[in-house]
**Q** 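Sharing a structure with you now.
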Amino acid sequence: MSLLSPKVCPVFIALALLYMAPASAAELSALLRIDTEIYYDSNIVMGSIEEKEAEAMRFSPLLNLRAKGTTWETNLNTMLRFTKLSEDQFDSDDQFVDTRLKKFGEKQAW
């Protein structure tokens, strides 16, 4: 597996974002969640002539990394969603990556 593959790259992005945070007092947090779902679809191809039914199982590990300083905040959300259906041609493994960086200015009193 290459270091730049879609399944390994989000980990390196997360580490780079946390490393680049300014060297000041920071609040760091990590949240790992795993979602599972089993479902039935009576018309997987959404066709009116040929309807195919399928049972499916979805497994989705999610990772949220957050770092917050006095003047900045950064988040990295990653999710790998694996879907296995009884019709193999519709199997999927999707990757989602969302990054956010907020910079706070000076607070002014009125």
Side-chain angles (χ1 to χ4, degrees):
M1 183 181 303
S2 168
L3 292 179
L4 297 177
S5 73
K7 293 180 182 174
V8 175
C9 196
V11 174
F12 287 110
I13 292 172
L15 293 174
L17 284 175
L18 291 176
Y19 178 76
M20 291 187 306
S24 61
E27 179 183 317
L28 303 174
S29 65
L31 173 69
L32 177 63
R33 187 176 85 205
I34 298 174
D35 293 339
T36 58
E37 179 182 7
I38 297 174
Y39 63 96
Y40 168 78
D41 193 333
S42 62
N43 190 0
I44 193 80
V45 293
M46 293 194 273
S48 59
I49 298 173
E50 181 186 355
E51 294 183 3
K52 285 190 175 183
E53 57 184 31
E55 296 82 29
M57 186 181 109
R58 183 173 288 153
F59 176 77
S60 306
L62 299 101
L63 175 65
N64 174 273
L65 299 174
R66 179 175 171 256
K68 183 176 181 181
T70 55
T71 60
W72 56 271
E73 179 180 344
T74 184
N75 284 306
L76 174 71
N77 298 306
T78 62
M79 179 173 73
L80 303 173
R81 183 168 61 195
F82 303 100
T83 306
K84 177 73 176 150
L85 287 96
S86 56
E87 293 285 330
D88 290 338
Q89 65 202 24
F90 299 113
D91 289 352
S92 66
D93 58 345
D94 305 314
Q95 298 89 32
F96 302 95
V97 177
D98 175 39
T99 58
R100 296 180 186 182
L101 176 62
K102 294 180 185 177
K103 180 79 171 155
F104 307 115
E106 295 182 24
K107 295 181 181 178
Q108 297 186 5
W110 292 85

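Here the structure is a predicted model, which means the values were calculated and not measured. Numbers here simply count residues along the sequence, with the first being 1.
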**Q** Not counting sequence neighbours, which residues clear side-chain hydrogen bond (donor to acceptor under 3.5 Å, both in side chains) with Q89? List them please.
**A**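 side-chain hydrogen bond (donor to acceptor under 3.5 Å, both in side chains) list for Q89, sorted by chain: empty.
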
**Q** Just wondering, do E73 and N75 contact through their side chains at under 4.5 Å, heavy atoms?
**A**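 N75 vs E73: side chains touch.
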
**Q** For a quick test of reading the model, state the closest non-hydrogen atom pair linking L32 to L62 and the distance between them.
**A**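 Scanning both residues, the minimum pair turns out to be CD1-O, 3.2 Å.
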
**Q** Hey, could you give me the CG/CG distance between L76 and N64, rounded to the nearest 0.5 Å?
**A**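 Spacing of CG (L76) from CG (N64) equals 7.5 Å.
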
**Q** Is there side-chain contact between L65 and L28, with at least one heavy-atom pair below 4.5 Å?
**A**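 When only atoms from C-beta onward are counted, L28 and L65 do not touch, as no gap falls below 4.5 Å.
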
**Q** Which pairs count as salt bridge (Lys or Arg N to Asp or Glu O under 4.0 Å) when at least one residue sits in residues 75-86, sequence neighbours excluded?
**A**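 Those involving residues 75-86 are R81-D94, K84-D88, K84-D91.
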
**Q** On a heavy-atom basis, which atom in F104 and which in W72 lie closest, and how many Å separate them?
**A**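 Looking at all heavy atoms of both residues, the closest pair is CD1-N, 3.6 Å.
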
**Q** I need the D93 CG to L80 CG distance, nearest 0.5 Å.
**A**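 Those atoms lie 8.5 Å apart.
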
**Q** In chain order, what residues pass the side-chain hydrogen bond (donor to acceptor under 3.5 Å, both in side chains) check against T83, with sequence neighbours excluded?
**A**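 With sequence neighbours excluded, T83 shows a side-chain hydrogen bond (donor to acceptor under 3.5 Å, both in side chains) to R58, given in chain and number order.
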
**Q** Would you please name every residue forming a side-chain contact (heavy atoms from CB on, under 4.5 Å) with S86, sequence neighbours left out?
**A**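 Here the qualifying residues are A54, E55.
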
**Q** Can you name the side-chain hydrogen bond (donor to acceptor under 3.5 Å, both in side chains) partners of E87, sequence neighbours left out?
**A**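 Checked E87 against side-chain hydrogen bond (donor to acceptor under 3.5 Å, both in side chains); zero matches.
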
**Q** Using 4.0 Å as the upper bound for N to carboxylate O, is an ion pair formed by R66 and E27?
**A**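 Salt bridge: yes.
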
**Q** State the CD-OG1 distance between Q95 and T78, to the nearest 0.5 angstrom.
**A**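 So the CD of Q95 and the OG1 of T78 are separated by 10.5 Å.
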
**Q** Do I34 and F82 belong together in a cluster built from hydrophobic side chains that touch within less than 4.5 Å?
**A**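 Linked within one cluster.
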
